[in-house]
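Note that the numbering runs from 1 along the sequence shown for the chain. Worth saying up front: this structure is predicted, and the values here are computed from it rather than measured.
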Amino acid sequence: MNSDLEKIILSAEQISSRIQEIAEDINRHYQDTVREIILITLLDGAIVFTADLIRHISVPLRLDCIRVSSYGNSTNPETAPRILGTLKSEVQDKHVLLVDDILDTGNTMKKVFAEVSSKCPASLKTCVFLDKPERRENNFQADWSGFNIPDEFVVGYGLDYAGRYRELPYLGTLKPAIYSQTS
Ligand code: IMP
Ligand code: MG
């Protein structure tokens, strides 16, 4: 375990087997009814989850991405999320799946969902790796979610603190001392 971590919450093995289950569910949902989906991943946090998930998806897909302004160096949203840049795909009349790392307050997904929805896709679904239901500030719910976790700030498997720890293959919490250090 990385020495900055206090504890591991999800091991690489737990993550991997859950991702296979979600992918099977997603495959069941789309197979036989759609020819192709556009999977939009939210940068940067969902990169690792998306990379693993799509390798178990059997429905043909096109990959696109959206970047949303982030937490900066804190563990709490500082400002309302802002969508940065534009999609390369035309989503009108397409089946779109939004993928993010975590539903926390739900404000990011709500914002991106509304934005993509306004472009009239044929269908719009959402998939998140993690869900912290206690933190929700709206009624947003994902169609597919990997794990519910308690209200603790987590890092690893794509999730960062101040830009670090995304590369860890597991999910964990940081030692309190890490938050008081300046880097
Ligand atoms: P929301 O808009 O509050 O739902 O926050 C969503 C975004 O905040 C996620 O895409 C993450 O990038 C970030 N985030 C929320 N909780 C955590 C956490 O525990 N660790 C790392 N990033 C987080
Ligand atoms: Mg994110």
Would you mind writing out the side-chain donor-acceptor pairs for residues 110-124 within the sub-3.5 Å range, not counting sequence neighbours?
| unit_1 | atom_1 | unit_2 | atom_2 | d |
| --- | --- | --- | --- | --- |
| S118 | OG | E115 | O | 2.6 |
| S123 | OG | H95 | ND1 | 2.7 |

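- Counting heavy atoms from C-beta outward, P176 and E6 have side chains that approach closer than 4.5 Å.
- Judged by distance alone, with hydrogens and angles left aside, the side-chain atoms of S69 form a donor-acceptor pair with the main-chain N or O of R82 at under 3.5 Å.
- Using cut-offs of 30° and 60° for the angle between ring planes, the Y157 and F129 rings count as tilted.
- Taking both residues in full, the closest heavy atoms of F49 and D100 are given as CD2-O, 3.8 Å, listed atom of the first, atom of the second, then distance.
- No option in K132, E137, M109 other than K132 meets the side chain to side chain contact (heavy atoms under 4.5 Å, CB included) test with D104.
- By the 6.0 Å contact criterion, CD on Q141 is open, its count of non-hydrogen atoms from other residues, nucleotides or ligands being 12 or less.
- Atom-to-atom distance recorded for Q181:CD and K175:NZ is 10.0 Å, nearest 0.5 angstrom.
- Counting heavy atoms from C-beta outward, D160 and Y165 have side chains that stay 4.5 Å or more apart.
- Within the 4.5 Å cutoff, the side chain of L103 has no heavy atoms near those of the T126 side chain.
- Put simply, the side chain of N27 reaches to within 4.5 Å of the side chain of I57, judged on heavy atoms.
- The distance from atom CD1 of I37 to atom CG of L63, rounded to the nearest 0.5 Å, is 10.0 Å.
- Put simply, the side chain of T50 gets close to the backbone of A46: a donor and an acceptor are under 3.5 Å apart.
- Summarising the geometry, atom CZ belonging to R62 is positioned 11.5 Å from atom CD belonging to E90; distances are rounded to the nearest 0.5 Å.
- Nearest approach of D52 to R55, heavy atoms of both residues: OD1-NH2, 2.9 Å.
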Taking it one step at a time, do V99 and L39 satisfy side-chain contact (heavy atoms from CB on, under 4.5 Å)?
-> CA-CA 7 Å; V99 177; L39 188 150; 3.8 Å; yes

Does the side-chain contact (heavy atoms from CB on, under 4.5 Å) test come out yes or no for I102 and V128, once each step is laid out?
-> CA-CA 6 Å; I102 184 165; V128 294; over 6 Å; no

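- Between the CD1 atom in I8 and the OH atom in Y170 there is a gap of 5.0 Å [rounded to 0.5 Å].
- Residues forming a side-chain contact (heavy atoms from CB on, under 4.5 Å) with N148 (at least two apart in sequence, or on another chain): D131, P133, S145.
- The heavy-atom pair separating I26 from C127 by the smallest distance is CD1-SG, 4.1 Å.
- In terms of modelled atom types and a separation under 3.5 Å, the side chain of T105 and the main chain of N107 share a donor-acceptor contact.
- Atom OG1 of residue T173 and atom CD1 of residue I178 lie 11.0 Å apart, to the nearest 0.5 angstrom.
- The CG atom of L168 lies 11.5 Å from the CZ atom of R166; values are rounded to the nearest 0.5 Å.
- Of the charged side-chain nitrogens involved, at least one lies within less than 4.0 Å of a carboxylate oxygen, so that R164 and D4 count as a salt-bridged pair.
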Quick one: do W144 and H29 satisfy side-chain contact (heavy atoms from CB on, under 4.5 Å)? Show the steps, please.
-> CA-CA 11 Å; W144 293 282; H29 174 77; 3.7 Å; yes

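- The shortest distance between side-chain heavy atoms of L98 and K125 does not fall below 4.5 Å.
- Heavy-atom minimum distance, Y30 versus V59: CB-CG2, 3.7 Å.
- A salt bridge does not link R135 to E152: none of the charged nitrogens lies less than 4.0 Å from a carboxylate oxygen.
- The side-chain heavy atoms of T41 and D64, taken from C-beta on, include no pair separated by under 4.5 Å.
- When all heavy atoms are compared, the tightest approach of L171 to I15 is N-CD1, 4.2 Å.
- In this structure, Q14 contributes its side chain and S11 its backbone to a donor-acceptor pair below 3.5 Å.
- The two residues H56 and A23 come nearest to each other via the heavy atoms CB-CB, 3.4 Å.
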Working for side-chain contact (heavy atoms from CB on, under 4.5 Å), residues I9 and V154 | CA-CA 8 Å; I9 294 190; V154 289; 3.6 Å; yes

